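The structure appears below as structure tokens.
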Amino acid sequence: MSIKHQLKAKFGVELDEMIERFNQKKKDTFDYDNSALPAWGDNTMPNFITDLIEDSSFLSELTLEEGVKGYRDIALLNADITLQAKTGCTTSPDGSVVFTEARLTTVLLQAGIEFCNEDLNGKITQILNVLGTKKQNGQLPADLESILIAYLTRVISKKAQNLVLNGDTLSGDAELALMDGLVKIMDASATMAVYTTPITVAVGFTAANGYDIAKGLYKTVDPEVLDAGIPIKMYMGRTEALTVLEQWNTANPYTQKEVDSSTTNMMFDLPLMGIMIETLPQLNGTDKAYVIPLSLAFLGTDEMADMDLEIKYDDYNDKLKAEASFRLGTQIVWDKYFTRLEFTP
């Protein structure tokens with residue numbers, strides 16, 4: 001039996017399958033790096049253990065706005081009418097309707113990936129290549145396809161969430177400087193509700209004050225937000241959330257709060273307050289916390305499918321290449337209904 005048929009029997013896939021979907025954010029060209037591997041010794045297929053990638057589910061909680069090719073103005077309406085006593089048939093109209101807007105701007109991002117399958121030869125990774133040099137270089141090794149797609153999709157999601165949350169056009173980080181993210185937008189808001197704790201910046205979150213800080217932040221939320229019944233969550237880092245639990249559980253040994261271990265992000269109800277706390281990796285160790293009405297926080301894109309990449313073979317250079325262009329942006333509206341934490345200087 002040929003090696004090709006042996007591999008098909010062992011792994012259940014044809015080695016000449018072409019990858020159809022691939023994801024990567026921002027301009028980032030790379031190739032295989034197997035320099036750390038020893039010279040090839042046998043034909044045993046390696047087990048690939050990928051690096052760890054943090055959860056990036058926050059983006060799915062935002063209000064998605066598609067079809068934004070450059071910017072889109074989100075129309076805002078505020079109306080008021082005066083309740084009066086009526087005498088006979090006489091009426092006295094008294095009210096107003098105010099239209100304003102918030103601009104959701106997306107930035108155009110480019111992604112590029114390049115592979116040279118010849119670099120897999122000479123090491124244990126050569127078993128991944130199909131028989132025949134031309135065939136070898138013209139396709140992504142099938143046994144890598146599912147691994148790379150799963151892994152790089154998570155990398156992309158992580159980087160997109162980093163940008164949407166911590167983006168800052170003044171950042172020294174080239175990836176974060178692509179646009180302003182939610183943290184910068186919320187921190188710069190002059191009309192957003194602010195809970196200023198008497199605890200100083202130098203102290204920050206500790207096991208002795210975590211619950212008190214979270215409770216104070218929740219009690220600062222505009223009651224209209226709570227009474228309107230729109231979904232809200234309190235977001236902070238895992239380090240900060242642990243102090244909330246520590247203070248509560250220490251003071252309440254008979255009503256201790258447990259955390260659902262089945263989720264990647266830590267999530268739990270703030271005891272006695274009726275709000276969910278969710279941790280975000282991008283806020284870990286920052287001493288920042290926000291209460292966000294999710295229906296008022298927008299994620300803008302032209303089309304989500306634009307982030308998909310097709311692998312194409314460059315027969316002149318014997319390399320596999322992929323490119324994609326997509327748009328990404330974020331904005332909040334009615335920021336008076338958002339709440340942020342600030343420590344005393």
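All of these numbers come straight from a predicted model, not from anything done at the bench. In this chain, numbering begins with 1 at the start of the sequence shown.
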Side-chain heavy atoms of Leu299 within contact of Val164, under 4.5 Å: yes
Chi angles and distances behind the side-chain contact (heavy atoms from CB on, under 4.5 Å) call for Trp334, Met192: CA-CA 9 Å; Trp334 298 118; Met192 186 175 180; over 6 Å; no
Test side-chain contact (heavy atoms from CB on, under 4.5 Å) applied to Tyr290 and Asp187, step by step: CA-CA 10 Å; Tyr290 304 89; Asp187 285 352; 2.7 Å; yes
Closest approach of Ser171 to Ala177 (non-hydrogen atoms, all atoms of both residues): O-CB, 3.6 Å
Closest contact, heavy atoms only, Lys257 versus Asp269: CE-O, 3.2 Å
Beyond-backbone contact of Ile232 with Leu294, side-chain heavy atoms, under 4.5 angstrom: no
Lys215 side chain near Leu272 side chain, heavy-atom distance below 4.5 Å: no
Side-chain cluster (under 4.5 Å, hydrophobic types only) that Met267 belongs to, other residues: Met276
Verdict with reasoning, Lys288 to Glu240, per salt bridge (Lys or Arg N to Asp or Glu O under 4.0 Å): CA-CA 8 Å; Lys288 290 181 177 291; Glu240 291 76 7; over 6 Å; no
side-chain contact (heavy atoms from CB on, under 4.5 Å) between Gln161 and Ser60, worked out: CA-CA 10 Å; Gln161 182 162 303; Ser60 64; over 6 Å; no
Side chain proximity check, Ile230 to Val225, heavy atoms < 4.5 angstrom: yes
Hydrophobic cluster membership, Val194 vs Leu226, 4.5 Å side-chain cutoff: no
Donor-acceptor contact below 3.5 Å, side chain Asp212 vs main chain Asn209: no
Backbone of Phe298 reached by a side-chain donor or acceptor of Thr330 within 3.5 Å: yes
Polar side-chain atom of Asp173 near backbone of Glu175 as donor-acceptor pair, under 3.5 Å: yes
Distance-only polar pair, side chains of Thr169 and Asp180, donor-acceptor under 3.5 Å: yes
Side-chain donor/acceptor of Thr196 to backbone N/O of Leu341, under 3.5 Å: no
Where Thr106 and Gly329 come nearest, the two heavy atoms and their spacing: CG2-N, 3.9 Å
Approximate separation, where rounding is to 0.5 Å, of Ile332 CD1 and Met186 CE: 6.5 Å
Asn166 side chain to Asn162 backbone, donor-acceptor under 3.5 Å: no
Closest approach of Gly300 to Leu104 (non-hydrogen atoms, all atoms of both residues): CA-CD2, 3.7 Å
Hphob cluster co-occupancy, Leu108 + Leu176, side-chain heavy atoms under 4.5 angstrom: no
Over all atoms of both residues, closest heavy-atom pair of Phe343 and Thr200: CD2-O, 3.7 Å
Tyr211 side chain reached by Pro271 side chain, heavy atoms, under 4.5 Å: yes
CE on Met179 to NZ on Lys184, rounded to 0.5 Å: 11.5 Å
Gly204 versus Ile199, closest heavy-atom pair with distance: O-CG2, 3.8 Å
Backbone N/O of Thr279 and side chain of Asn265: donor-acceptor pair under 3.5 Å: yes
Residue from Thr286, Leu280, Val244, Val291 passing side-chain contact (heavy atoms from CB on, under 4.5 Å) with Met236: Val244
Any side-chain heavy-atom pair of Gln331 and Ile185 under 4.5 Å: yes
Main-chain N/O of Leu217 paired to Arg340 side chain as donor or acceptor, under 3.5 Å: no
Close aromatic pair by centroid cut-off 6.0 Å: Tyr195 and Tyr218: no
Any donor-acceptor pair under 3.5 Å from Gln256 side chain to Asn249 backbone: yes
Criterion side-chain contact (heavy atoms from CB on, under 4.5 Å) on Met266 and Leu242, from CA distance to verdict: CA-CA 9 Å; Met266 181 186 293; Leu242 285 172; 3.5 Å; yes
Test item: Thr239 and Phe205 side chains (from C-beta on) under 4.5 Å apart, heavy atoms: no
same_hphob_cluster(Leu59, Leu283) at 4.5 Å side-chain heavy-atom cutoff: yes
Salt bridge (Lys or Arg N to Asp or Glu O under 4.0 Å) partner of Glu65, the single match among Arg327, Arg72, Arg103: Arg72
Expected output: side-chain Asp222 to main-chain Tyr337 donor-acceptor under 3.5 Å: no
Asp335 (side chain) donor-acceptor with Thr191 (main chain) under 3.5 angstrom: no
